[in-house]
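This report concerns only the one structure given below.
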Amino acid sequence: MMQQQLWGGAVAALLLAVVSGVGESRRRKRRNLDRVGFMPWAMVQVLAVLSAVILVSVALNMR
């Protein structure tokens, strides 16, 4: 049961990493350079990937 929750959290973190990658790509390709967003997409992506790696590691070590 707990292992399934860890895998689900890892999948959710990877989805967040993909969404933040798309957000960072859109931020870099904006036409109006004066319209800077407030969301640090690169940091969100790094933290999401890091948490996914940690969750997968813990899930694999629970066997």
* Single-linkage hydrophobic cluster Met39~Leu16, side-chain heavy atoms < 4.5 angstrom -> yes
The residue among Asn61, Leu60, Ile54, Leu55 that forms side-chain contact (heavy atoms from CB on, under 4.5 Å) with Ser57 is Asn61
Rounded to the nearest 0.5 Å, the CE atom of Met43 sits from the CD atom of Glu24 at a distance of 11.5 Å
Checklist entry - Got a donor-acceptor contact below 3.5 angstrom from the Gln45 side chain to the Ser20 backbone? => result no
Any side-chain heavy atom of Val56 within less than 4.5 Å of one from Trp7? yes
Minimal heavy-atom distance between Ala10 and Ala52, with the atoms involved, is O-CB, 3.9 Å
* Indicate yes or no: at least one non-hydrogen side-chain atom of Ser51 is less than 4.5 angstrom from one of Leu47. => no
To the nearest 0.5 Å, atom CZ of Arg30 lies from atom CZ of Arg26 at 12.0 Å
